[in-house]
There are 2 protein chains.
Amino acid sequence: MGVEKLNASFFYLLERAIKTYRQMAQRTISEEYGAITIDQLLVLQAMKDQPELTQQQIAVVVFKDYASITRIIDLLVRKGFLHRSGHPTDRRRFELRLTQEAEDLLQQVHPRILKNRKIALDGITEEEILIARKVLAKISENCG
Amino acid sequence: MGVEKLNASFFYLLERAIKTYRQMAQRTISEEYGAITIDQLLVLQAMKDQPELTQQQIAVVVFKDYASITRIIDLLVRKGFLHRSGHPTDRRRFELRLTQEAEDLLQQVHPRILKNRKIALDGITEEEILIARKVLAKISENCG
DNA sequence: ATCATAATATTGATATATCAAATAATGACT
DNA sequence: AGTCATTATTTGATATATCAATATTATGAT
C-alpha cells in the first residue's frame with residue numbers, strides 16, 4: 001500500500017475502534033444498570049474524583065464542550081444523580097453534589113468498566129499498547 | 001502505573017486523539033470550503049467510489065446508523081450535492097447521483113484531506129503506525 | 001396468487017457535538 | 001460608585017448517534 005492509503009485506513013481503523021468500543025461499553029452498561037449513558041457516567045466520575053471543579057473544568061477533563069456539560073448536568077440533576085445549589089461566593093456558578101444514588105451507581109459500575117477495557121485490549125501486548133499510546137498522544141499534539 | 005490506570009488512560013488518549021483530529025479536519029475544511037461537514041464528505045466520497053451501494057451499504061462503509069445516513073443524504077440533496085430519483089427495479093430504494101458540484105467539491109477537498117492526515121501523523125514512524133493499526137484492529141475485533 | 005416474512009428506508013425521541021449569541025455575575029479601573 | 005472587560009453558564013440552531021417504531025415494497029413458501 002502507498003503511504004496515502006495506509007494513512008487513510010489508519011483513520012478508518014481509529015474511527016472503527018472507538019465506535020465499536022463505545023458501543024460495547026454502552027451496551028453492557030445499559031444491560032446491567034439501565035438508563036445511564038457513558039458520557040453521563042464520565043461526568044459523574046470526574047465530579048466525584050475532583051468535587052471542586054467548575055463546569056468548565058469538567059468540560060476540559062472529559063473533552064466536552066461547555067454546552068454539552070450544561071445539558072448533561074441538567075439531565076443528571078433531573079435523574080436524581082446530582083444535587084444542585086447556589087455557589088456560596090460566586091453566583092454565576094453552582095455547587096454540585098453527587099447524590100447517594102450516584103455514589104452507589106458509580107461504585108457498582110466501576111468493575112464493569114474495568115472489565116470492558118480489559119475485554120477491548122485482550123490479546124494486545126503491553127509494549128504494543130505503549131506504542132499505540134505514543135502514537136495517539138502524538139496525533140493530539142499534532143492536531144492541537 | 002498499574003495495568004488498570006494504564007488501560008484507563010489508553011482510552012482517554014484514544015478519545016482525545018480522534019477528537020482533536022476531527023476538530024482540526026473540520027476546521028481546515030470549513031475555512032477553505034465553507035458549509036460542509038466531514039461526515040457529509042465521507043458519505044459523498046463513499047457514493048462516488050461505489051455508486052451502486054444502497055444506503056444501508058453506505059452506512060456500513062462509513063460506520064453510521066441507517067437513520068443517520070437517511071438524514072445526511074437528505075441534507076446533501078437539499079444542499080444540491082446529490083440528485084435523488086426512483087430506483088428502476090426496486091421501489092423501496094432510490095437512485096442517488098452526485099451532482100457536478102459534488103464532484104468538483106470532492107476533487108478540491110481531496111488534497112486538503114491528505115494533508116490533514118499527514119499533519120496528524122507527522123513525526124510518527126511507519127513501524128509505530130503499523131503497530132497502532134494492529135492494536136486498533138484488535139480492539140474492534142474484541143468489541144464486535 | 002396469497003400470505004407471512006424479510007428488506008429498505010423513514011420518522012420520532014432523546015442524547016451529544018459544535019458554534020454563536022445571550023445572560024448574568026465578577027473584578028478591575030478610574 | 002460607575003463603567004467595562006472578563007468569566008461562568010445557558011440557550012438556540014443545526015448536525016449526528018442511537019434505538020424503537022413505522023411504512024412500503026419485495027421475496028419465498030405454500
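Sequence lines set the chain letters: A, B, ... in the order given, protein chains first and strands last, and positions in each chain run from 1.
Looking at heavy-atom distances under 4.0 Å, S30(B) makes no contact with the nucleic acid at all. In this structure, I69(A) reaches neither bases nor backbone, as no heavy-atom distance under 4.0 Å exists between it and the strands shown.
Connection of I18(B) to I129(B) is established within a shared hydrophobic cluster, with ILVMFWY side chains joined at heavy-atom distances below 4.5 Å, either directly or through further cluster members.
Salt bridge K79(A)/D74(A): absent, no basic N to carboxylate O contact under 4.0 Å.
Distance CD1 (I72(A)) to P (dT10(D)): 13 Å, rounded to an integer number of Å. If you take CD1 of I58(B) and C1' of dA9(C), they are 12 Å apart, rounded to a whole angstrom. If you take CG of L41(A) and P of dA15(C), they are 14 Å apart, rounded to a whole angstrom. Between the CG atom of L76(A) and the P atom of dT16(C) there is a distance of 8 Å, rounded to whole Å. In this structure, the CG atom of L75(B) is 13 Å from the C1' atom of dA13(D), given to the nearest Å. Between the CD atom of Q23(A) and the C1' atom of dA17(D) there is a distance of 9 Å, rounded to whole Å. Rounding to whole angstrom units, OH of residue Y66(A) and P of dT18(C) are separated by 13 Å. Between the P atom of dA17(C) and the CD atom of Q40(B) lies a distance of 18 Å, rounded to the nearest Å.
Among the candidates V61(B), L76(B), L75(B), the single residue satisfying the side chain to side chain contact (heavy atoms under 4.5 Å, CB included) test with V43(B) is L76(B).
Counting atom types as modelled, R78(B) pairs no side-chain N or O with a base atom of dT14(D) as donor and acceptor under 3.5 Å. For dG12(C), its base sits under 3.5 Å from the side chain of R71(B) at one donor and acceptor pair at least.
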Each nucleotide in nucleotides 1-8 of chain D should get exactly one letter: B, S or -. Can you fill that in based on protein heavy atoms under 4.0 Å?
------BB
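A donor atom on one side chain and an acceptor atom on the other are found under 3.5 Å apart for D49(A) and Q45(A).
Taking the side chain as every heavy atom from C-beta outward, L14(A) and L136(A) approach each other to under 4.5 Å.
Picking from dA15(C), dT25(D), dT11(C) the nucleotide with the shortest atom distance to the side chain of R91(B) gives dT25(D).
Interatomic distance, OG of S30(A) versus CD1 of I36(A), reported as 9.5 Å (0.5 Å rounding).
The side chain of T70(B) places no N or O atom within less than 4.0 Å of a non-bridging phosphate oxygen (OP1 or OP2) of dT11(C). Look at Q26(B) and you won't find any side-chain N or O under 4.0 angstrom from OP1 or OP2 of dA15(D). For dA17(C), the OP1/OP2 oxygens have a side-chain nitrogen or oxygen of K19(B) closer than 4.0 Å. Phosphate proximity of dT18(C) to S68(A): absent, as no side-chain N or O sits under 4.0 Å from OP1 or OP2.
Between F63(B) and Y12(A), the ring planes are tilted. Angles from 30° to 60° get that label.
In terms of position along DNA chain C, the nucleotide closest to I73(B) lies nearer the 5' end than the nucleotide closest to the other residue of the pair I73(B) and D65(A). Positionally, the nearest nucleotide of DNA chain D for A67(A) lies more toward the 5' end than for the other of R22(A) and A67(A).
Judged by a 6.0 Å distance limit and a 45° cone about the ring axis, R133(A) is not positioned over the six-membered ring of F10(B).
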